[in-house]
Amino acid sequence: MRIPAPAFGPTPDSGSESDYGPPPRETARSITIEMVLLFAVTLGASGVRALIRLIDLQLKSAPLSSQQVTIVTPQAQASWTDLALQLVSIAVGLAWGGLGLYLLWRAGIKLSTHLGFDWRRPWRDLGRGVLLAAAIGIPGIAFYVIAYRLGLNVTVVPAALNDNWWTVPVLALAAFENAFLEEVLVVGYFLTRLRQLRVDPWLALLASALLRGSYHLYQGWGQAGGNVVMGLVFGYVWLRWRRLWPLVWAHTIMDIAAFVGYGFFAGWINGLLH
């Protein structure tokens, strides 16, 4: 028996009217629902998992500082399958950030003017990113060491990939993916949506910083607190500059330094910790 093809024309009871009307106008309720759904499948879910992982670490008999977490790990035994899975993970993170941009664009928000997400000032954005990375990253090392010695952090191994020809490029891509995802969603998207909901700017800034800290909880209370401070600085800078790229570049530089540099300075870092 042949199965009839689906009909895409007007249904018998619809006359000549189209079944599709104009998209509904955004309301405070629709924006809130969108935010909840977006973060329920992205960084909000990551924050919940990070909290559960931290609780699990603290339920163990060993002190927090004697335990270890690794951020970028092998995902397969064979080199080419590991490379493929690493690239898929990076693509998923980039897609999450892209989804945030798409939702803002669909809402009529001009990304170039409101978020500063364009290529009009590439070198100025990069220069600001380098300065911002130095301002946050260098004190961040001291903060991590102090928090570790106070027993508030686990030992964080940024990357433990096998030695392959693609290891450094993949780590650099992973750094950019982390930066793009976090800065687009936690700063550009989140603060824009909260502004549309008429949330007080300082309260919105605090909420953004706490969200950033939440999904770093698996690294310990100290790392989560340090990322809250970073979130406050990054959010404030974006509100002043209205340029998202400097934040993305700063975050990328810091993560590349951590992911790639750890292989060269692991001994020195362990000496600081112990």
Side-chain angles (χ1 to χ4, degrees), residues 43 46-47 50 69 71-72 93 97 115-117 121-150 152-159 171-191 201-202 204-266 268-269 272-273:
L43 295 177
S46 299
V69 297
I71 299 176
V72 183
L115 270 67
F117 203 74
R121 309 170 187 171
W123 296 113
R124 184 177 181 183
D125 289 340
L126 179 60
R128 285 179 164 183
V130 171
L131 293 176
L132 193 56
I136 295 292
I138 295 174
I141 296 173
F143 186 86
Y144 169 72
V145 172
I146 293 171
Y148 176 86
R149 291 189 174 181
L150 291 175
L152 299 175
N153 275 351
V154 300
T155 300
V156 179
V157 178
L171 289 176
L173 284 174
F176 176 76
E177 174 256 314
N178 282 345
F180 178 79
L181 165 63
E182 293 184 36
E183 303 315 323
V184 167
L185 290 189
V186 179
V187 178
Y189 174 86
F190 192 66
L191 291 179
W202 290 106
L205 188 61
L206 178 61
S208 172
L210 290 174
L211 174 60
R212 187 188 295 266
S214 70
Y215 52 82
H216 289 93
L217 279 167
Y218 71 97
Q219 299 176 14
W221 296 105
Q223 282 297 94
N227 275 276
V228 170
V229 174
M230 173 179 166
L232 290 171
V233 173
F234 272 35
Y236 178 77
V237 164
W238 180 74
L239 291 173
R240 290 292 302 271
W241 293 348
R242 290 293 180 181
R243 300 288 300 171
L244 202 59
W245 277 118
L247 277 61
V248 173
W249 294 137
H251 196 150
T252 299
I253 291 167
M254 288 188 290
D255 277 7
I256 288 177
F259 294 166
V260 179
Y262 182 80
F264 297 98
F265 301 106
W268 176 73
I269 294 171
L272 289 176
L273 298 179

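For this chain, numbers begin at 1 and follow the sequence in order.
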[X] to [Y] - nearest heavy-atom pair and separation:
X    : Y    : result
P139 : A134 : CD-O, 3.7 Å
S214 : A50  : O-CB, 3.4 Å
I136 : F234 : CG1-CE1, 3.8 Å
P246 : L132 : O-CD2, 4.4 Å
G129 : A250 : O-CB, 3.2 Å

4.5 Å side-chain heavy-atom contact, Y148 and T155:
yes
Quiz: residues 218-233 side-chain donor-acceptor pairs under 3.5 angstrom, not counting sequence neighbours:
unit_1: Q219; atom_1: OE1; unit_2: Q223; atom_2: NE2; d: 3.1
unit_1: W221; atom_1: NE1; unit_2: Q58; atom_2: OE1; d: 3.4
unit_1: N227; atom_1: ND2; unit_2: Q223; atom_2: O; d: 2.8

Set out, in order, the CA-CA distance, both residues' side-chain angles and the distance that settles side-chain contact (heavy atoms from CB on, under 4.5 Å) for L126 and W123, then state yes or no.
CA-CA 5 Å; L126 179 60; W123 296 113; 3.8 Å; yes
Apply salt bridge (Lys or Arg N to Asp or Glu O under 4.0 Å) to R128 and list each qualifying residue two or more places apart in sequence or on a separate chain.
none
Sequence neighbours left out, what pairs pass side chain to side chain donor-acceptor pair (under 3.5 Å) with at least one residue falling in residues 232-241?
Y236-R240
Distance check, rounded to the nearest 0.5 Å: M254 atom CE versus I138 atom CD1?
11.0 Å
Inter-residue atom distance W245.CH2 - D125.CG, 0.5 Å rounding:
9.0 Å
Counting only N and O atoms by type, is there a donor-acceptor contact under 3.5 Å from the side chain of T252 to the main-chain atoms of V248?
yes
Distance-only check: which donor-acceptor pairs under 3.5 Å involve side-chain atoms of residues 178-191, not counting sequence neighbours?
unit_1: E182; atom_1: OE1; unit_2: Y215; atom_2: OH; d: 2.9
unit_1: E183; atom_1: OE1; unit_2: R212; atom_2: NH2; d: 2.9
unit_1: E183; atom_1: OE2; unit_2: R212; atom_2: NH1; d: 2.9
unit_1: E183; atom_1: OE2; unit_2: H251; atom_2: ND1; d: 2.6
unit_1: Y189; atom_1: OH; unit_2: E34; atom_2: OE2; d: 2.6

With sequence neighbours excluded, tell me which residues meet side-chain contact (heavy atoms from CB on, under 4.5 Å) with I146.
L150
